[in-house]
Amino acid sequence: MAGSRDVAREQRDRAWSRFVWTVDQTCADDIGRAELGRASAKAMYEMQILRDDDEAMGNIVLELITGREATWTNTE
């Protein structure tokens, strides 16, 4: 059981690392980095990477970045 929690925690940590990288890139002054960040945000939004409680906060930020409104929710 502890092993599955460790795996879940690692997956969550990786998802948040990607999320933070995406937001950092999107907010960059460099046009190329900002465009890359927006593309990453769209991909994250469509891939539904964030789960559980993280999903609500992540959706708000990704909606602001992508200009899209969430049309899905996690039911797992």
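The first residue in the sequence is number 1, and the count goes up from there. Note that the coordinates shown come from a computational prediction; the quantities given were computed from them, not determined experimentally.
- Transitive grouping of hydrophobic side chains (ILVMFWY, heavy atoms separated by less than 4.5 Å) brings V23 and M47 into a common cluster.
- Taking both residues in full, the closest heavy atoms of A34 and A28 are given as CB-O, 3.8 Å, listed atom of the first, atom of the second, then distance.
- Between M57 atom CE and I60 atom CD1 the span is 5.5 Å, to the nearest 0.5 Å.
- Between V61 and F19, the closest side-chain pair of non-hydrogen atoms falls below 4.5 Å.
- In this structure the side chain of T26 never reaches within 4.5 angstrom of the side chain of W21, judged on heavy atoms.
- If you take OG on S17 and CD on E10, they are separated by 11.5 Å, rounding to the nearest 0.5 Å.
- Expressed to the nearest 0.5 Å, how far OG1 of T22 lies from CD of Q25 amounts to 8.0 Å.
- Note that CG of D30 and CG of L36 are 10.0 Å apart. Values are rounded to the nearest 0.5 Å.
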